[in-house]
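As a basis for the values below, the full set of heavy atoms in this structure was taken, side chains included, without hydrogen atoms, waters or symmetry mates. Residue numbers start at 1 and run along the sequence shown. Predicted, not measured: the structure shown is a model, and the values here were computed from it. Both counts, for ligands and for their atoms, begin at 1 and track the order of listing.
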Amino acid sequence: WGRRKNVTSVLAEQLPREIIGLLRRFGELGQELHYKVYAVGGFVRDLLLRRPNLDIDIVVEGDGIRFAKAFAEREGIRARCHKKFNTAVLIFDERLKVDVATARLEYYQYPAALPVVQFGSLKMDLYRRDFTINTLALALNPDEFGQLIDFFGGQRDIKDKAIRVLHNLSFVEDPTRILRAIRFEQRFGFRVGKQTASLMRHAVKIGLIDRLGGQRLFHEIQHILMEEDPVPAVRRMAEFGVLEVICPNVCFDAKAVETLLQIKEVLSWYELSFLEEPLEGWRVYLLGLLSRLHYRDLGKVLERLDLPKNMRERIAWTFQRVNEVLGDFLRLPPPRPSAIYRALQPFRPEEILFMMATTQREEVRRAISHYFHRYRHVQPEIRGRDLQEMGIPPGPIYAKILDRVLDARLNGELRSRQEELALARAMAWRELGAGEGKQ
Ligand code: ATP
């Protein structure tokens, strides 16, 4: 059974009371159905690490789907079942979803007998996992609620701050674990164990990463770039030779590190300044990494990662346009607010932040900062409806007038709705000739 220890006090200290109640109810239903039920994986790991995590994974020794359906019915919630995999998701609300998996190793004592769930199927389930720190289980049935089950030395490795695989073929079985090891190592401030590190190096050397499909590979890279601070993880990817196999010509030199560090700084500036504006920071890091590539290699890497066509085109477009815009911003005289707005408006915030990170020029950074702080949400007070009411016949002139009004507004030439209307009227007068716009 591995080493057992009761961690109910840790549960009480770390989890909201409703979650503990929920875990208890899982166990109670398990008891009624004669199943053993466990919380497993990242949830238990993070519990011991005292890191908040409400992504709950449950393993049922028994019929997981039957369990999920019964639980959903009792609680009046929804269960989404995947018959093929014997798994289900219990959907409580937006924030709380619980994955239910089946650990079942049934055997029949005699023909037509009821199946007996073999003792130990939890262990088999946990043995398939990536690292020892992810193999901890928490018993939920009432008679053993809060018992920590540790078959593979997960507690020891958490204490040692070590990422270790369970067996020597782990990376062969699934090479994405190479990237997962790096991600967990950096996230928790752990270190890949010596033996595991040598298995990783070997796996990279014999080309296991090449066997991964582009989408799986990209998914893992994306997850690394989504970490709080991906820079050390990218550095580790370089150390393990992972970057090099993904892109043979990538040069992860001091300049590349500098770019990523600049991105980190720019992102924290943005996040502090605009708490409410959603941002996908990983996209900025991705641009930063790709920007180190020669144009020819860029195409190859994007293909290797099997990115959707529109995303590939967008990345190529971004690199090209960013250089043009940076050039324009440095010309004299400095661009007016409307010119800054027009130059930056076609970009997503992530692309603009990449631009900001790649330039050292104070005037460009200032222009971008002004764009985010002052210009990007500016709109004319008048609308098409106002032009209609003035009697201007609808047509391309509407866009022309509204654009001009916006520019004037951005440049501080207009301050009120009245002034906007006056400008619109004057433009219509000029463009359409006297007599058409109502006075
Ligand atoms: P995160 O916090 O990034 O979501 P996690 O470990 O909490 O990490 P997942 O990555 O969703 O969550 O994985 C859930 C569990 O499934 C892990 O704890 C791990 O045991 C197992 N797992 C996920 N991917 C693999 C894999 N490639 N090989 C083996 N086990 C895996």
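Taking 4.5 Å as the limit, some side-chain heavy atom of Arg342 sits within range of a side-chain heavy atom of Leu406. Under the 4.5 Å side-chain criterion, counting only non-hydrogen atoms from C-beta, Leu286 is in contact with Met311. Residues Lys264 and Tyr285 form a side-chain contact, since some pair of their non-hydrogen atoms from C-beta on lies under 4.5 Å apart. No side-chain heavy atom of Gln147 sits under 4.5 Å from any side-chain heavy atom of Leu138.
Residues Arg180 and Asp130 are paired through a salt bridge, judged by an N-O separation under 4.0 Å between the basic side chain and the carboxylate.
The nearest protein atom to atom 28 (N) of ligand 1, hydrogens excluded, is given as Arg177 NE, 2.8 Å; this is a heavy-atom distance. Nearest protein neighbour of atom 26 (C) of ligand 1, counting heavy atoms only, is Asp174 OD2, 3.6 Å.
Put simply, the residue from Asn310, Val301, Leu307 that forms a side chain to side chain contact (heavy atoms under 4.5 Å, CB included) with Ile315 is Leu307. Residue Arg164 forms a side-chain hydrogen bond (donor to acceptor under 3.5 Å, both in side chains) with just one option from Thr132, Thr196, Asp157, and that option is Asp157.
Note that atom 6 (O) of ligand 1 has protein non-hydrogen atoms nearby, at separations under 4.0 angstrom. Distance screen at 4.0 Å: atom 13 (O) of ligand 1 has a protein heavy-atom neighbour inside the cut-off.
Contacts with ligand 1 closer than 4.0 Å are made by side-chain heavy atoms of Arg187 only, the backbone lying farther away. Contacts between Asn134 and ligand 1, counted as non-hydrogen atom pairs separated by less than 4.0 Å, involve both the backbone and the side chain. Of the heavy atoms in Asp130, both backbone and side-chain atoms come closer than 4.0 Å to ligand 1.
In terms of polar-atom proximity, defined here as any N/O pair under 3.5 Å, Asp55 makes no such contact with ligand 1. For the pair Asn53 and ligand 1, the shortest N or O to N or O distance does not fall below 3.5 Å.
Residue contact check for ligand 1: Arg183 places a non-hydrogen atom closer than 4.0 Å to it. Phe184 counts as a contact of ligand 1, since one of its heavy atoms falls under 4.0 Å from the ligand. Glu173 does not count as a contact of ligand 1, since none of its heavy atoms falls under 4.0 Å from the ligand.
The closest non-hydrogen atom to atom 9 (P) of ligand 1, taken over Glu227, Met226, Arg180, comes from Arg180. The option with the heavy atom closest to atom 15 (C) of ligand 1, from among Glu220, Arg129, Arg216, Arg128, is Arg129.
Taking CG of Leu122 as the reference point, atom CD of Glu61 lies at 5.5 Å (rounded to 0.5 Å).
The cationic group of Arg376 lies under 6.0 Å from the six-membered ring centre of Phe274 and within 45° of the ring axis, placing it in a cation-pi geometry.
Note on ring orientation: taking the six-membered ring where Trp is involved, the planes of Phe71 and Phe92 are perpendicular (angle over 60°, cut-offs 30° and 60°).
Near Thr176, the atoms of ligand 1 lying under 4.0 angstrom from a non-hydrogen atom of the residue are 27 (N).
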